[in-house]
Amino acid sequence: ERYVDDYPSMNLLVKKKVFLDLGGFDNDFWPGEDSKLCEDLVYKKNGKILYHPDVLIYHHRRDSLFGFLRQHSQYGYHRGAFFAHGDKNSRRFSYLMPTILVILVLYLFAIAILQILFPPFFRVIFFPFLTFPLKLYFISVAIQGILFFVNTQNIMISALAVVALVLMHITYGLFFIKGFFIGWYKKEKIY
């Protein structure tokens, strides 16, 4: 049990009077209207959001990989825009991790291509310590794959879940970048 400054609306209860005083959901942002509501509740109205671990909510994700990735592209896009807007509840390091992963992979890929094309000039730019976070990521994904297998006892589901997890992180990270630049440029309508 703890106080938080952001929580998804699918798991959120708000008193009607408070909800109406805040003006309800800002429909200019979807998904993400719940983060804007929480931002206003906590940082503009000095309200509180209590997370209680005993409350159980059953929520399902999209039933296709494309739908799942599209959903997470929207999460990344809006979180990036809210980060650019300066929303305090969108400035956690954990929200940046998929984006850092994507930037790191793109950087390492570009360096590898440059080393192949121009070997004498680009050997110095490659920093081996930059691969450490990538190795750590793949170790954590492998551990998650083992946990998937322990829970499902199905190697195929576990392998597909790992692929979906990596694709989700890449999708979120790419769209976070897009959302950041659009949110930096546009403060109101980000579509």
Side-chain angles (χ1 to χ4, degrees), residues 1-12 14 22 25-53 55 57 59-62 65-109 130-141 143-144 147 161-191:
E1 183 175 326
R2 67 183 185 279
Y3 288 101
V4 296
D5 65 354
D6 194 15
Y7 217 73
S9 58
M10 63 196 146
N11 300 343
L12 185 67
V14 180
L22 290 168
F25 288 119
D26 185 343
N27 292 323
D28 288 334
F29 304 103
W30 183 89
E33 73 286 353
D34 45 4
S35 283
K36 285 292 190 186
L37 181 78
C38 292
E39 172 79 11
D40 291 346
L41 174 65
V42 173
Y43 295 107
K44 290 183 181 172
K45 299 290 186 182
N46 293 321
K48 293 183 178 183
I49 301 170
L50 177 67
Y51 165 77
H52 199 290
V55 177
I57 304 293
H59 179 71
H60 66 88
R61 294 284 181 197
R62 301 299 186 259
L65 181 61
F66 177 76
F68 178 75
L69 294 176
R70 187 170 188 287
Q71 179 182 30
H72 283 275
S73 73
Q74 291 299 304
Y75 292 160
Y77 176 81
H78 285 86
R79 191 62 71 184
F82 298 160
F83 186 93
H85 289 174
D87 291 7
K88 291 181 178 101
N89 65 350
S90 290
R91 295 217 160 200
R92 287 193 196 91
F93 181 71
S94 60
Y95 293 141
L96 289 173
M97 289 174 70
T99 305
I100 292 168
L101 172 73
V102 165
I103 291 169
L104 183 60
V105 167
L106 291 174
Y107 173 77
L108 293 172
F109 181 74
L130 288 176
T131 60
F132 177 74
L134 215 50
K135 290 173 186 172
L136 193 60
Y137 174 75
F138 284 114
I139 289 169
S140 66
V141 167
I143 291 169
Q144 189 61 54
L147 294 174
V162 165
V163 170
L165 181 66
V166 172
L167 289 174
M168 177 189 74
H169 289 148
I170 291 169
T171 300
Y172 179 98
L174 287 170
F175 279 86
F176 184 100
I177 294 166
K178 178 181 178 183
F180 175 81
F181 284 110
I182 290 174
W184 179 60
Y185 180 71
K186 298 178 180 181
K187 295 296 180 191
E188 297 301 319
K189 301 258 183 196
I190 58 173
Y191 301 106

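For reference, positions follow the sequence shown, starting with 1. Worth saying up front: this structure is predicted, and the values here are computed from it rather than measured.
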Can you list, pair by pair, the side-chain donor-acceptor contacts under 3.5 Å of residues 34-42, counting residues two or more places apart and other chains?
from, atom 1, to, atom 2, distance (Å)
Asp34, OD2, Ser9, N, 2.9
Asp34, OD2, Ser9, OG, 3.4
Ser35, OG, Asp6, OD1, 3.2
Ser35, OG, Asp6, OD2, 3.2
Ser35, OG, Arg79, NH1, 3.3
Ser35, OG, Arg79, NH2, 3.2
Lys36, NZ, His85, ND1, 3.4
Lys36, NZ, Asp87, OD1, 3.4
Lys36, NZ, Asp87, OD2, 2.9
Glu39, OE1, Lys88, N, 3.1
Glu39, OE1, Asn89, N, 3.1
Glu39, OE2, Lys88, N, 3.3
Asp40, OD1, Lys44, NZ, 3.3

- Query: Who pairs with Gln71 by side-chain hydrogen bond (donor to acceptor under 3.5 Å, both in side chains), at least two apart in sequence or on another chain?
  - Reply: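 Gln71: side-chain hydrogen bond (donor to acceptor under 3.5 Å, both in side chains) contacts with Tyr75.
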- Task: Applying side-chain hydrogen bond (donor to acceptor under 3.5 Å, both in side chains), name anything that partners Tyr51, two or more places apart in sequence or on another chain.
- Result: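 Applying side-chain hydrogen bond (donor to acceptor under 3.5 Å, both in side chains) to Tyr51 gives none.
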- Query: Taking only residues two or more places apart in sequence or in another chain, which ones pass salt bridge (Lys or Arg N to Asp or Glu O under 4.0 Å) with Arg70?
  - Reply: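 None.
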- salt bridge (Lys or Arg N to Asp or Glu O under 4.0 Å) partners of Asp5, counting only residues at least two apart: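 For Asp5 the salt bridge (Lys or Arg N to Asp or Glu O under 4.0 Å) partners, ignoring immediate neighbours, are Arg92.
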- Item | side chain to side chain contact (heavy atoms under 4.5 Å, CB included) partners of Ile139, counting only residues at least two apart | Ile143
- Partner residues of Phe93 under the side chain to side chain contact (heavy atoms under 4.5 Å, CB included) criterion, sequence neighbours left out: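 Once residues adjacent in sequence are excluded, the partners of Phe93 under the side chain to side chain contact (heavy atoms under 4.5 Å, CB included) criterion are Met97, Ile100.
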- Message: Under the rule for ring pair (Phe, Tyr, Trp, His ring centres under 6.0 Å), what residues qualify as partners of Phe25, not counting sequence neighbours?
- Response: Phe19
- Item | For Phe68, ring pair (Phe, Tyr, Trp, His ring centres under 6.0 Å) partners two or more places apart |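 So Phe68 forms a ring pair (Phe, Tyr, Trp, His ring centres under 6.0 Å) with His72.
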Donor-acceptor pairs under 3.5 Å, side chain of residues 168-185 to any protein atom, not counting sequence neighbours: which ones?
from, atom 1, to, atom 2, distance (Å)
His169, ND1, Tyr137, OH, 2.7
His169, ND1, Leu165, O, 3.4
Thr171, OG1, Leu167, O, 2.8

- Query: How long is the gap from CG on Leu108 to CD1 on Ile103, to the nearest 0.5 Å?
  - Reply: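 The CG atom of Leu108 sits 12.0 Å away from the CD1 atom of Ile103.
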- Could you grab the distance from atom CZ of Phe138 to atom CD of Gln144, nearest 0.5 Å is fine?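 So the CZ of Phe138 and the CD of Gln144 are separated by 14.5 Å.
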